[in-house]
There are 2 protein chains.
Amino acid sequence: MKQPDPEDAAVAGTSSLCPTCVEWRCGVGSLLTPDEARQIAAVSVRRQVPAGTELMATPNLRDSCIALLRGVVKVSRLLTDGRQQIVSLKSAPDLLGAPFAPPGEVSVRAVTEADIYCVPRHAFEAVVRQNRGLEHRLHLRALEDLSEAEALLLTLGRKTARERLATFLLDMAGRFRPAEIGKRCDTLDPAYDHDTLDLPLTRAEIGDFLGLTFETVSRQFAALRRDGLIDFSDARRVSVKDRKRLRSAAGT
Amino acid sequence: MKQPDPEDAAVAGTSSLCPTCVEWRCGVGSLLTPDEARQIAAVSVRRQVPAGTELMATPNLRDSCIALLRGVVKVSRLLTDGRQQIVSLKSAPDLLGAPFAPPGEVSVRAVTEADIYCVPRHAFEAVVRQNRGLEHRLHLRALEDLSEAEALLLTLGRKTARERLATFLLDMAGRFRPAEIGKRCDTLDPAYDHDTLDLPLTRAEIGDFLGLTFETVSRQFAALRRDGLIDFSDARRVSVKDRKRLRSAAGT
DNA sequence: TGCGCGTTTTGATCCAGATCAAGGCGAGCG
DNA sequence: CGCTCGCCTTGATCTGGATCAAAACGCGCA
């Protein structure tokens with residue numbers, strides 16, 4: 001997409017833009033140009049939050065867009081009696097809380113310890129208004145999120161428990177390489193085992209993502225293991241043993 | 001939103017912009033300014049399609065954005081074995097197939113007879129590129145669609161059959177006033193019964209929307225009726241008898 | 001007017017996944 | 001250490017919704 005610009009080094013050196021922000025800018029998928037990154041960095045605050053933090057509970061975060069620099073965050077919708085549905089899972093680097101989106105009834109909670117960058121919403125929106133290209137990139141991103149949500153709708157509405165788990169594993173594969181949870185960037189080290197991943201979620205959270213109970217998640221994992229499609233070295237570390245069969249178990 | 005501009009009459013009279021297009025422009029929620037409407041009308045083709053038409057099957061529609069002028073359309077995702085999940089229900093006036101969205105694995109099928117306006121995708125995108133404000137409005141619309149999809153995720157992932165049906169009815173209420181299916185615009189006639197609606201979908205389609213079978217849809221409708229929350233004059237025409245209890249049956 | 005077909009209702013039965021229950025395992029910690 | 005507290009597994013049972021089956025209801029059409 002964007003040229004790997006030599007301006008980066010210079011940017012990192014200037015004023016308020018730290019190296020991490022540069023990484024974020026790159027990692028977020030060329031969302032920001034160096035100039036946009038600079039403008040946004042100028043009005044932002046960096047924080048570290050422990051696992052389990054509800055970000056929307058912190059008052060001044062409610063009015064911020066949040067750049068996720070490190071860690072994993074779950075976005076859920078809740079029913080009054082406590083039932084919840086995880087609506088999307090965000091891993092660094094990503095952006096939480098789109099500019100221009102009305103506040104909405106969601107909970108945003110750190111799954112792991114996380115480093116975040118808080119951008120006051122109105123300031124972010126002001127930057128967007130000045131940068132036509134940025135709005136276009138945000139627009140495209142919203143459309144991608146929509147497409148992801150639709151895929152999850154199909155999973156929740158029409159797939160069996162086994163198919164949901166297989167779908168979930170394929171979705172996670174590649175996203176969470178082992179021991180990289182909490183790391184800032186995926187280095188492209190060829191030594192990495194592409195078929196092994198560390199799940200960032202508990203069984204209960206996977207259930208909240210897939211519309212199942214944690215017992216069913218556990219049992220279906222056990223079944224997929226028995227059938228030789230996957231294996232576990234411990235509860236969180238999975239290896240995909242037979243991608244082809246796993247894919248067919250996901251029901252297309 | 002937009003000022004009710006006196007330019008309309010003039011626009012309607014000029015060249016290629018017909019009165020219906022003006023209505024579409026207004027109805028779509030101020031998506032287009034008169035000038036944008038004119039530009040888009042200049043490159044579009046109007047068609048009428050019978051109920052059941054698969055729009056994405058028509059080759060040149062695959063590369064179009066579709067303005068829905070009259071009728072109801074369902075957007076679904078399919079599994080190879082025929083299971084399907086309706087991902088969104090569009091009623092006139094609305095826009096199908098967002099500019100810039102990658103083609104994606106969806107089926108778009110007319111539920112009722114429909115009048116549509118086909119805008120070649122690249123031409124639409126060209127217009128958008130020239131109109132900063134239009135892209136912003138499309139961006140906001142994508143965020144709304146995303147929010148709707150998230151609400152449906154909660155419904156599919158965590159609600160019981162009864163809650164799903166109650167949620168569905170509240171969602172439809174107001175959207176489909178009786179005998180207005182297929183009409184072009186909702187006139188604000190105070191005589192209308194605000195609590196009665198004509199369902200545009202069959203029981204099977206409602207099932208495909210809510211992740212249920214048509215038998216379960218039928219039975220839960222019967223149960224809600226027995227409990228006095230709703231009533232049917234025929235299979236398609238529902239009246240909400242007790243909105244408060246229906247809302248609580250929807251599980252918030 | 002009666003036929004045929006898609007839709008809807010309702011009944012009977014089945015089963016995938018929920019619920020209830022009991023241990024086990026591992027990590028932090030006094 | 002040994003304890004506690006989350007997490008995870010596994011078993012037994014229950015149940016909401018699926019599946020299978022049949023009949024009734026329109027509605028367009030000959």
Side-chain angles (χ1 to χ4, degrees), chain A residues 50-52 74 79 81-85 109 111-113 155-168 181-182 198-227 230-238 249 251, chain B residues 50-52 74 79 81-85 109 111-113 155-168 181 198-226 230-238 249 251:
Chain A
K74 60 180 176 180
L79 255 19
D81 61 5
R83 282 174 286 172
Q84 74 168 292
Q85 176 62 46
R109 190 178 291 268
V111 167
T112 62
E113 184 182 78
T155 298
L156 296 188
R158 289 309 187 194
K159 290 190 187 176
T160 65
R162 181 186 175 91
E163 289 168 333
R164 292 183 205 201
L165 266 299
T167 303
F168 173 74
I181 298 175
D198 274 349
L199 299 173
L201 302 180
T202 65
R203 301 293 187 256
E205 286 169 324
I206 296 172
D208 285 338
F209 190 61
L210 297 176
L212 300 169
T213 61
F214 66 89
E215 295 98 324
T216 298
V217 171
S218 182
R219 274 188 257 268
Q220 293 297 337
F221 271 159
L224 290 170
R225 180 188 205 176
R226 265 199 312 281
D227 297 346
I230 59 173
D231 200 9
F232 287 91
S233 50
D234 72 69
R236 296 300 190 95
R237 180 161 298 182
V238 210
Chain B
K74 60 179 175 179
L79 256 16
D81 61 5
R83 282 175 287 173
Q84 75 168 291
Q85 175 63 46
R109 189 177 292 269
V111 167
T112 63
E113 184 181 77
T155 298
L156 296 187
R158 289 310 188 192
K159 291 190 186 177
T160 64
R162 182 186 173 93
E163 288 169 332
R164 293 182 204 201
L165 266 301
T167 304
F168 173 75
I181 299 176
D198 274 349
L199 299 174
L201 303 180
T202 66
R203 300 293 186 256
E205 287 169 324
I206 296 171
D208 285 337
F209 190 61
L210 297 176
L212 301 169
T213 61
F214 66 87
E215 294 99 322
T216 298
V217 171
S218 180
R219 272 188 257 268
Q220 293 297 337
F221 272 159
L224 289 170
R225 179 188 207 173
R226 263 200 314 280
I230 60 173
D231 201 9
F232 287 91
S233 49
D234 72 69
R236 296 299 192 94
R237 179 160 301 182
V238 211

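The chains referred to below are lettered A, B, ... by the order of the sequence lines, with proteins before strands, and numbering in each begins at 1.
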For the pair made of [atom1] in [X] and [atom2] in [N], what is the distance, rounded to whole Å?
{"X": "A:Arg164", "N": "C:dG17", "atom1": "CZ", "atom2": "C1'", "value": "10 Å"}
{"X": "B:Leu224", "N": "C:dT8", "atom1": "CG", "atom2": "C1'", "value": "16 Å"}
{"X": "B:Leu165", "N": "C:dT8", "atom1": "CG", "atom2": "P", "value": "13 Å"}
{"X": "B:Arg237", "N": "D:dG26", "atom1": "CZ", "atom2": "C1'", "value": "15 Å"}
{"X": "B:Arg203", "N": "D:dG26", "atom1": "CZ", "atom2": "P", "value": "12 Å"}
{"X": "A:Arg225", "N": "D:dT9", "atom1": "CZ", "atom2": "P", "value": "8 Å"}
{"X": "A:Arg162", "N": "C:dG17", "atom1": "CZ", "atom2": "C1'", "value": "15 Å"}
{"X": "B:Phe214", "N": "D:dC25", "atom1": "CZ", "atom2": "C1'", "value": "15 Å"}

If you check every side-chain atom of [X], which of [options] has the closest atom?
{"X": "B:Arg236", "options": "D:dG17, D:dT9, C:dT8", "answer": "C:dT8"}
{"X": "B:Ala222", "options": "C:dT8, D:dA18, C:dT10", "answer": "C:dT10"}
{"X": "A:Leu212", "options": "C:dT10, C:dG17, C:dT8", "answer": "C:dG17"}
{"X": "A:Gln220", "options": "D:dT9, D:dG17, C:dG17", "answer": "C:dG17"}
{"X": "B:Ser218", "options": "C:dT9, D:dA18, D:dC8", "answer": "C:dT9"}

If only side-chain N and O atoms of A:Thr216 are considered, is one of them under 4.0 Å from the OP1 or OP2 phosphate oxygen of C:dA18? yes
Report which part of the nucleic acid [X] touches: base, sugar-phosphate, or nothing (heavy-atom distance under 4.0 Å, all strands).
{"X": "A:Thr213", "value": "base"}
{"X": "A:Gly211", "value": "sugar-phosphate"}
{"X": "A:Gly207", "value": "nothing"}

Validation row: A:Leu212, A:Phe168 side chains within 4.5 angstrom (heavy atoms): no
In Å, rounded to the nearest 0.5 Å, how long is the span from [atom1] of [X] to [atom2] of [Y]?
{"X": "A:Thr112", "Y": "A:Leu201", "atom1": "OG1", "atom2": "CG", "value": "10.0 Å"}
{"X": "A:Leu210", "Y": "A:Thr167", "atom1": "CG", "atom2": "OG1", "value": "8.0 Å"}
{"X": "B:Asp231", "Y": "B:Leu224", "atom1": "CG", "atom2": "CG", "value": "11.5 Å"}

Could one point to a donor on the side chain of B:Glu215 or the base of D:dC20 with an acceptor on the other under 3.5 Å away? yes
Kindly indicate whether the side chain of A:Arg219 and the base of C:dT19 share any N or O donor-acceptor pair separated by less than 3.5 Å? yes
Test salt bridge (charged side-chain N to carboxylate O under 4.0 Å, His left out) on A:Arg109 and A:Glu205 and set out the steps. CA-CA 12 Å; A:Arg109 190 178 291 268; A:Glu205 286 169 324; over 6 Å; no
Please assess B:Thr216 against B:Leu165 for the test side-chain contact (heavy atoms from CB on, under 4.5 Å), listing each intermediate value before the final yes or no. CA-CA 10 Å; B:Thr216 298; B:Leu165 266 301; 5.8 Å; no
For nucleotides 25-27 of chain C, tabulate all protein N/O to nucleotide N/O atom pairs closer than 3.5 Å, reporting atom names and distance.
none

Quick check: does any side chain N or O of B:Arg225 sit under 3.5 Å from a backbone N or O of B:Phe232, one acting as donor and the other as acceptor? yes
Would you find a donor on one side and an acceptor on the other, under 3.5 Å apart, between the side chain of B:Arg164 and the backbone of B:Leu156? yes
Between B:Leu201 and A:Lys159, just flag the one whose closest nucleotide in DNA chain C comes earlier from the 5' side. B:Leu201
